[in-house]
Amino acid sequence: MLEDTGERVIPKKMDSMNNMLLEHVARYTFSTPYVRGRVLDIACGSGYGSLKVAKERKEQLKEIIGVDISEEVLQYATHHYYHPLLSFKKGDAMDSSLPQEIGTFDTILCFETIEHVKDDRLFIKRMDNLLKPGGTLVLSTPFGKGRNYPSGSPFHYFQLTPEEFTELFNEFSEKEIYFQRGVTIEPPRKGIHYPLGVAVCKK
């Protein structure tokens, strides 16, 4: 039985109106227009989002691979979220040999992951190495005091400022930065507090 730590989204163990669940589902919904070809859902967790994308974009997909570092969570995902275009594999997003193991991708989805690693800049390089030329990265993270300050969450090394988040993607040929408040993901409006950021970048 997969343990609910409070950090991982497990829809079958959560109320349908749980704010954390709704926010995560909104990010996958936001990402679907960008999804095409060979797709990687890095740090896929329980797998519900990978399945959602597979169902909604089956005509535009060649395959989608959900990668996570946890063997337990991958077993859960495989059991609960089957789709013929979807497979789950164990892997570490920071492993430089990952492209040799699973190849490169037209689309990478990376939600609420970068705050779990010590070096966010290196993480972006790892994502770039997994992305095909012309490919699209859709990445989200919660905002906080910045990379030089410990996060209040026991699961996060830090939480980037909006400025630090935006600067991470300067090397991409195209970038669009959006902000999330609840289920709303949009360009920023004056006077609105946004706790999360979502980047859409093209290599």
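Because only heavy atoms are used, hydrogens play no part in the values below, and waters and symmetry mates are left out as well, while side chains stay in. Source: prediction; values computed, not measured. All residue numbers refer to positions in the sequence shown, counting from 1.
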List the atom of [X], the atom of [Y], and the distance in Å for their closest heavy-atom pair.
X      : Y     : answer
Cys44  : Gly66 : SG-C, 3.5 Å
Thr113 : Ala43 : OG1-CB, 3.3 Å
Ser50  : Asp41 : OG-OD2, 2.6 Å
Val53  : Ser31 : CG2-OG, 4.4 Å
Tyr48  : His24 : OH-CB, 3.0 Å
Gly91  : Leu98 : CA-CD1, 4.3 Å

Is any side-chain heavy atom of [X] closer than 4.5 Å to a side-chain heavy atom of [Y]?
X      : Y      : value
Gln75  : His80  : no
Thr166 : Lys175 : yes
Arg126 : Asp95  : no
Arg121 : Lys125 : no
Asn129 : Thr104 : no
Gln159 : Thr141 : no
Leu109 : Ile42  : no
Thr136 : Ile108 : no

- In sequence, state the C-alpha distance, the side-chain angles, and the governing distance for Val183 and Glu23, and then conclude on side chain to side chain contact (heavy atoms under 4.5 Å, CB included). CA-CA 5 Å; Val183 299; Glu23 287 179 357; 5.7 Å; no
- Start with the C-alpha gap between Leu122 and Met94, add the side-chain angles, then the distance that decides, and say whether side chain to side chain contact (heavy atoms under 4.5 Å, CB included) holds. CA-CA 8 Å; Leu122 181 59; Met94 295 300 283; 3.7 Å; yes
Rounded to the nearest 0.5 Å, what separation is found between the [atom1] atom of [X] and the [atom2] atom of [Y]?
X      : Y      : atom1 : atom2 : answer
Lys52  : Tyr81  : NZ    : OH    : 12.0 Å
Ser140 : Glu115 : OG    : CD    : 7.5 Å
Asp106 : Leu61  : CG    : CG    : 10.0 Å
Glu171 : Ile124 : CD    : CD1   : 11.5 Å
Lys58  : Leu86  : NZ    : CG    : 14.0 Å
Phe123 : Cys110 : CZ    : SG    : 3.5 Å

- Message: Can you confirm whether Lys202 is buried at NZ, in the sense that more than 12 heavy atoms of other residues, nucleotides or ligands lie under 6.0 Å from that atom?
- Response: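 Not buried by this count: 12 neighbours or fewer within 6.0 Å.
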- Message: Are there over 12 heavy-atom neighbours, none belonging to Glu176, within less than 6.0 Å of that residue's CD?
- Response: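 For Glu176, atom CD is crowded (more than 12 foreign heavy atoms under 6.0 Å).
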N/O donor-acceptor pair under 3.5 Å between [X] side chain and [Y] backbone:
X      : Y      : answer
Ser97  : Gln100 : no
Tyr194 : Arg189 : yes
Asp92  : Ile69  : no
Glu167 : Glu164 : no
Arg147 : Leu160 : no
Lys203 : Leu131 : yes
Thr107 : Arg36  : yes

- Message: Any carboxylate oxygen within less than 4.0 angstrom of a Lys/Arg side-chain nitrogen, looking at Lys89 and Glu101?
- Response: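 So Lys89 does not pair with Glu101 through a salt bridge.
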- Item | Gln180 versus Tyr178, side-chain donor and acceptor atoms under 3.5 Å |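 Gln180 and Tyr178 do not have a side-chain donor-acceptor pair below 3.5 Å.
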- Item | Leu196-Val198 co-clustered via ILVMFWY side chain contacts under 4.5 Å |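 Hydrophobic grouping puts Leu196 apart from Val198.
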- Task: Applying side chain to side chain contact (heavy atoms under 4.5 Å, CB included) between Val39 and each of Ile65, Ile64, Leu85, report the one that passes.
- Result: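 Checked Ile65, Ile64, Leu85 against Val39; only one passes side chain to side chain contact (heavy atoms under 4.5 Å, CB included): Ile64.
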- Task: Apply side chain to side chain contact (heavy atoms under 4.5 Å, CB included) to Asp68 and Phe88, showing your working.
- Result: CA-CA 8 Å; Asp68 202 277; Phe88 294 101; over 6 Å; no
- Residue pairs involving residues 92-114 (criterion ring pair (Phe, Tyr, Trp, His ring centres under 6.0 Å); sequence neighbours excluded):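 Qualifying pairs: Tyr28-Phe111.
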- By side-chain contact (heavy atoms from CB on, under 4.5 Å), which residues pair with Phe143, not counting sequence neighbours?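 Phe143 satisfies side-chain contact (heavy atoms from CB on, under 4.5 Å) with Pro162, Phe165, Phe179 only.
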- Mind checking side chain to side chain donor-acceptor pair (under 3.5 Å) for Arg38 and listing every partner two or more places apart, or none if nothing turns up?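 Side chain to side chain donor-acceptor pair (under 3.5 Å) list for Arg38, sorted by chain: Glu63.
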